[in-house]
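Heads up, the thing below is written out as structure tokens.
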2 protein chains.
Amino acid sequence: MTTDLTGLAEETASRLRNDITGGALPPGQRLSETRLAAELGVSRNTLREVFRLLTREGLLRHEPNRGVFVAVPSMASIVDIYRVRRLIEVPALAHAWPRHEAVAQMRLAVEKARAAREIQDWRMVGSANMEFHAAIVALTDSARLQGFFAQIIAELRLAFGLLDSPERLHEPYIDRNARILDLLVEGRQDQAAAMLAGYLDESERVVLAAFARLG
Amino acid sequence: MTTDLTGLAEETASRLRNDITGGALPPGQRLSETRLAAELGVSRNTLREVFRLLTREGLLRHEPNRGVFVAVPSMASIVDIYRVRRLIEVPALAHAWPRHEAVAQMRLAVEKARAAREIQDWRMVGSANMEFHAAIVALTDSARLQGFFAQIIAELRLAFGLLDSPERLHEPYIDRNARILDLLVEGRQDQAAAMLAGYLDESERVVLAAFARLG
DNA sequence: TCTACCGTGATTGTTGAACAAAAGAACCGG
DNA sequence: CCGGTTCTTTTGTTCAACAATCACGGTAGA
């Protein structure tokens, strides 16, 4: 799971990514090149490379001659993200090999989520849930799909950061993830996939509803 | 289809992309920063931004402290790409709305391919075929999926560039694309999807076989 | 002759400064 | 109150410099 932190640019990108998905930099926030470069202790050129990376990932928005801003998630983007998730995750689970090595990652994510629930760390519960879904995609053995999905997840976390009540957002899915995992190892992939599909539908509804309440 | 050519970096990226997929820069070729910067008439910094972009797209490979190279397609990457294509394109077609606006793009691509066949321009036939598949993905109305697919396609074109006999590679699919389009507009999406699935299987076999002959 | 070591040259990684161009803000006249 | 003009800030792009790293070749020793 360790990304190549080779190079200052990627390292800085990783730091900034956390600041964004962690909510330290609110959506819509403008990022001044000179100020942020000084703040992060890197040169302007390096920071611009970082901006390119994160813009490509959908976390930043770039307006020519005006600057870069933290991306503002829209309802349209959430709908799109869930559409992609359904399209990728459900078949991934349906065609999975129950003894694939990624199953271990899924189990790990479930345990991590439960541990986080114990200490009421809902943000960590959210992370663990995301790792569970990333593990589902890993069942496909497709490096490209996994890379793409990682981006999607980062964008979704950005949207989650806007919403409050993280408990309602993540808690209900911990045990369902566990159930999905059980079904998979029992060889009942289609039931697992069906359950996941319902999961995604409901999650999308909840997120959209919470989003609508913000105006 | 017009990319924002805002900014010198993206413009240069576009130029370099064509050089790569067009075969002017062979896979494995090392790209010296200073030399290429002078050749393209941009500064080293700008070129490095371009490198980031194309590396992200999978067209270049970056080795720390050694430089960037034109990516060398492997059999593993081809298998992966076709896996992704099946996963995305087949459901996209199966659930498509026969009167979607992207259908017009599909028709356009078919006509372009036939026109190119007339003048024996197999490279253009290849482009048109790719546009046909991009149009299939456009049926999903998902901006993220379309962006992802565009990358996949660029990588695949890179692999095609390695192979000779472009006629055998592209010609057989022109009429099949037309047939798929017909089935879709007649509302027989599942038959269209099934045909596409067979199409992809066969295309993968052909490409892998041609690839294996290269050693 | 072969191999291990070391130095040299070239390339990348990163920085800082500079300047043109564009956008936004302040100002001024009507 | 409004429209236009100047001023200031920020971005887009380039250039020059230097440290770190790598590739190559030569040398010493077995």
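Numbers restart at 1 for each chain; the letters A, B, ... are given by sequence-line order, proteins then strands.
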field: Contacts of type side-chain hydrogen bond (donor to acceptor under 3.5 Å, both in side chains), residue B:Arg48, not counting sequence neighbours
entry: B:Glu33
- line: Given protein heavy atoms under 4.0 Å, the one-letter contact record of nucleotides 5-13 of chain D, with B base, S sugar-phosphate only and - none, is simply -----SBBB
query: Starting at CZ of B:Phe69 and ending at C1' of C:dT11, how long is that distance when rounded to a whole Å?
result: 11 Å
Where at least one partner belongs to residues 129-157 of chain A, residue pairs that pass ring-ring contact (aromatic ring centres under 6.0 Å, His included), sequence neighbours excluded: A:His133-A:Tyr199, A:Phe148-B:Phe148
Sequence neighbours excluded - ring-ring contact (aromatic ring centres under 6.0 Å, His included) pairs with any residue from residues 56-100 of chain B: none
message: Using the salt bridge (charged side-chain N to carboxylate O under 4.0 Å, His left out) criterion, which residues pair with B:Arg86? Sequence neighbours excluded.
response: B:Asp201, B:Glu204
- line: Applying ring pair (Phe, Tyr, Trp, His ring centres under 6.0 Å) to B:Phe51 and not counting sequence neighbours gives none
